[in-house]
Novice: 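First, the structure itself, so that you have it in front of you.
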Amino acid sequence: MEYTKENIEKAVCDYYKVTHDDLYSQGNKEYPINGAKSVFLYFLYKTKLRTFPQLKAMFCYRSQRTVEMRVATVASFVKHDKGKFADDVKQIEEMLNKKSK
């Protein structure tokens, strides 16, 4: 399957039941919006659709380190197959793979 920013964005929004505006909103630190943002950043970086500097600009973060930490947190959960983020990533990948068939 070929991932695009748009199909990842839609899958993340559908899974977390957040809007496009929620995903790009500034300063919202409440779940599920913060979880959706972190997983969205992870997918965009993992699939090489965006680099850390591009993600920093896309979400208007002050520091690239913020992006790196969010991606690393999700990646760590996925790598160790533990926690909510690992489950969320699996479910979203399944959603994306079903849409490609």
Side-chain angles (χ1 to χ4, degrees):
M1 137 142 250
E2 182 179 333
Y3 292 117
T4 66
K5 177 186 156 291
E6 291 75 21
N7 66 16
I8 293 170
E9 182 179 277
K10 179 165 180 9
V12 168
C13 286
D14 289 350
Y15 181 79
Y16 284 99
K17 295 178 179 42
V18 299
T19 67
H20 174 274
D21 290 342
D22 289 337
L23 199 58
Y24 290 93
S25 65
Q26 300 298 312
N28 193 323
K29 297 180 180 169
E30 304 231 349
Y31 189 85
I33 296 170
N34 64 352
K37 284 181 187 181
S38 293
V39 169
F40 186 46
L41 290 166
Y42 167 79
F43 269 107
L44 290 176
Y45 183 75
K46 175 188 165 198
T47 58
K48 297 180 174 40
L49 291 171
R50 298 290 186 276
T51 63
F52 285 133
Q54 289 170 326
L55 291 169
K56 176 185 175 263
M58 188 172 153
F59 283 88
C60 301
Y61 287 118
R62 288 182 234 174
S63 167
Q64 181 173 305
R65 184 79 177 128
T66 303
V67 176
E68 293 168 354
M69 290 297 295
R70 289 183 92 150
V71 170
T73 298
V74 175
S76 177
F77 280 103
V78 170
K79 179 179 178 183
H80 295 99
D81 196 25
K82 289 185 175 180
K84 177 106 175 87
F85 282 136
D87 295 338
D88 294 351
V89 167
K90 282 182 190 174
Q91 294 293 322
I92 292 167
E93 283 177 335
E94 286 178 16
M95 290 169 66
L96 289 165
N97 290 332
K98 284 181 185 175
K99 289 180 183 179
S100 70
K101 291 181 180 179

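The first residue in the sequence is number 1, and the count goes up from there. Everything numeric in this text was worked out from a predicted model, so none of it was measured.
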Novice: Considering only heavy atoms from C-beta outward, does the side chain of Leu23 approach that of Tyr16 to under 4.5 Å?
Specialist: no

Novice: State which residues pass side chain to side chain contact (heavy atoms under 4.5 Å, CB included) with Asp22; sequence neighbours excluded, sorted by chain then number.
Specialist: Val18, Thr19, Ile33

Novice: Passes side-chain contact (heavy atoms from CB on, under 4.5 Å), Gln54 versus Leu44? Steps please.
Specialist: CA-CA 10 Å; Gln54 289 170 326; Leu44 290 176; over 6 Å; no

Novice: With a 4.5 Å heavy-atom cut-off, do Val78 and Lys46 have their side chains touching?
Specialist: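 Result no, sub-4.5 Å side-chain heavy-atom pair not found.
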
Novice: Under a 3.5 Å distance rule, please check whether Arg70 uses its side chain to pair with a backbone N or O of Asn34 as donor and acceptor.
Specialist: yes

Novice: Answer yes or no: is there an ion pair linking Lys90 with Glu93, defined by an N-O contact shorter than 4.0 Å?
Specialist: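 A salt bridge is absent here (no side-chain N lies under 4.0 Å from a carboxylate O).
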
Novice: Could you label the plane-to-plane angle of the Phe59 and Tyr61 rings as parallel, tilted or perpendicular, counting under 30° as parallel and over 60° as perpendicular?
Specialist: parallel

Novice: In Å and rounded to the nearest 0.5 Å, what is the CG to OH distance from Asp88 to Tyr42?
Specialist: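 Interatomic distance, Asp88 CG to Tyr42 OH, rounded to 0.5 Å: 12.0 Å.
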
Novice: Stepwise, does the side-chain hydrogen bond (donor to acceptor under 3.5 Å, both in side chains) test hold for Glu94 with Tyr15?
Specialist: CA-CA 11 Å; Glu94 286 178 16; Tyr15 181 79; over 6 Å; no

Novice: May I ask you to check whether over 12 heavy atoms, not counting those of Tyr45, lie within 6.0 Å of atom OH?
Specialist: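 Open.
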
Novice: Does some side-chain heavy atom of Asn97 sit less than 4.5 Å from a side-chain heavy atom of Tyr3?
Specialist: yes

Novice: Does any part of the side chain of Lys84, heavy atoms only, come nearer than 4.5 Å to the side chain of Phe77, both counted from C-beta?
Specialist: no

Novice: Would the number of heavy atoms belonging to other residues, nucleotides or ligands and lying under 6.0 Å from CD of Gln26 be above 12?
Specialist: yes

Novice: Report whether Met69 and Phe43 are members of the same hydrophobic cluster (ILVMFWY, side-chain heavy atoms less than 4.5 Å apart, transitive linking).
Specialist: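 Different clusters.
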
Novice: What is the distance from atom NZ of Lys10 to atom CG of Leu96, rounded to the nearest 0.5 Å?
Specialist: 10.5 Å

Novice: With distance as the sole test, does Lys37 use its side chain to make a donor-acceptor pair with the main-chain N or O of Ser25 at under 3.5 Å?
Specialist: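 Yes, Lys37 side chain to Ser25 backbone: donor-acceptor pair under 3.5 Å.
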
Novice: Does any non-hydrogen side-chain atom of Lys5 lie less than 4.5 Å from one of Phe40?
Specialist: yes

